> 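Let me begin by handing over the structure; questions about it come next.
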Amino acid sequence: MTDSNDKVLVAFGEFVRAQRQLAQVSQRHLARMSGLSDSYLSQLERGNYRPSPEVVKALAQAFGLEPKQLYTMLGFMDDDAASPPQSVEQAVQLDQRLKPDQKDALIRIYRSFVGEGQ
């Protein structure tokens, strides 16, 4: 696995974790909603596995997203019209369900967890 591949998987895992936390569901609940095992979902969130297109589709449906968004993020599809989120911060900024002040708060919290912006 290459470094760029690792970064894509880590970014995807961060995106899944952020979406799960925004939806306020546990890892176990999301795993059940998407037909995955708890341990597999945990590994995905840590960027340890490249999910199959079927798993990506199940996660997208659980989040109420279009699978195409996640396929593009992982490189399963090319989409020149839309640039896929590459980080948790970009995912938060692109989430239309959030108000601007909610986005700012989430990004501040995220940065405090990863040690940025101090």
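Since the model is a prediction, treat every value here as computed from it, not as a measurement. Side chains are part of it too, since the values below use all heavy atoms of this structure and drop only hydrogens, waters and symmetry mates.
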> Out of curiosity, Arg111 CZ to Glu89 CD, how far, rounded to the nearest 0.5 Å?
4.0 Å
> With rounding to the nearest 0.5 angstrom, report the CG to CD distance, Leu65 to Gln61.
10.5 Å
> Find out whether Leu44 and Leu36 are in side-chain contact, i.e. whether some heavy atom of one side chain is under 4.5 Å from a heavy atom of the other.
yes
> Return yes if some donor-acceptor pair links the side-chain N/O of Tyr71 with the main-chain N/O of Pro53 below 3.5 Å, else return no.
yes
> Report the C-alpha separation of Met73 and Val8 in whole Å, then their side-chain angles, then the decisive distance to 0.1 Å, and conclude whether the side chain to side chain contact (heavy atoms under 4.5 Å, CB included) test is met.
CA-CA 8 Å; Met73 180 187 290; Val8 168; 5.7 Å; no
> Looking just at side-chain N and O atoms, do Ser112 and Arg108 make a donor-acceptor pair shorter than 3.5 Å?
no
> Working to the nearest 0.5 Å, report the span between CG of Asp38 and CZ of Arg28.
5.0 Å
> What I'd like to find out is whether the side chain of Phe15 reaches to under 4.5 Å of the side chain of Ser87, using heavy atoms alone.
no
> I need the minimum non-hydrogen distance between Pro67 and Ala60, along with the two atoms involved.
CA-CB, 3.6 Å
> Kindly compute the distance separating OH (Tyr40) from CD (Gln27), expressed to the nearest 0.5 Å.
13.0 Å
> Using side chain to side chain contact (heavy atoms under 4.5 Å, CB included), reason through Leu106 and Val88 one step at a time and then give a plain yes or no.
CA-CA 10 Å; Leu106 283 169; Val88 171; over 6 Å; no
> To the closest 0.5 Å, what do you measure between OG (Ser37) and CD (Gln43)?
9.0 Å
> For a 4.5 angstrom cut-off between non-hydrogen side-chain atoms, does Leu22 reach Phe63?
no
> Would one find more than 12 heavy atoms of other residues, nucleotides or ligands at under 6.0 Å from atom NZ of Lys103?
yes
> Tell me, with the steps shown, if Asp101 and Lys99 meet salt bridge (charged side-chain N to carboxylate O under 4.0 Å, His left out).
CA-CA 6 Å; Asp101 58 326; Lys99 297 176 185 170; over 6 Å; no
> For Glu66, does its backbone N or O pair with a side-chain atom of Gln69 as donor and acceptor, under 3.5 Å?
yes
> What I'd like to find out is whether the side chain of Leu9 reaches to under 4.5 Å of the side chain of Asn48, using heavy atoms alone.
no
> Starting from the C-alpha separation in whole Å, work towards a yes-or-no answer on side chain to side chain contact (heavy atoms under 4.5 Å, CB included) for Val55 and Tyr49.
CA-CA 11 Å; Val55 167; Tyr49 290 128; over 6 Å; no
> Just by distance, do the side chain of Arg50 and the backbone of Leu74 share a donor-acceptor pair under 3.5 Å?
yes
> Are Val16 and Leu41 close enough that some pair of their side-chain heavy atoms sits under 4.5 Å apart?
yes
> Quick one: CZ on Arg20 to NE2 on His29, what's the gap to the nearest 0.5 Å?
11.5 Å
> Are Ser52 and Glu54 linked by a side-chain donor-acceptor pair shorter than 3.5 Å?
yes
> Determine whether Arg97 and Gln102 make a side-chain contact, defined as any pair of heavy atoms from C-beta on separated by less than 4.5 Å.
no
> So, do Arg46 and Val10 sit near enough that their side-chain heavy atoms are less than 4.5 Å apart?
no
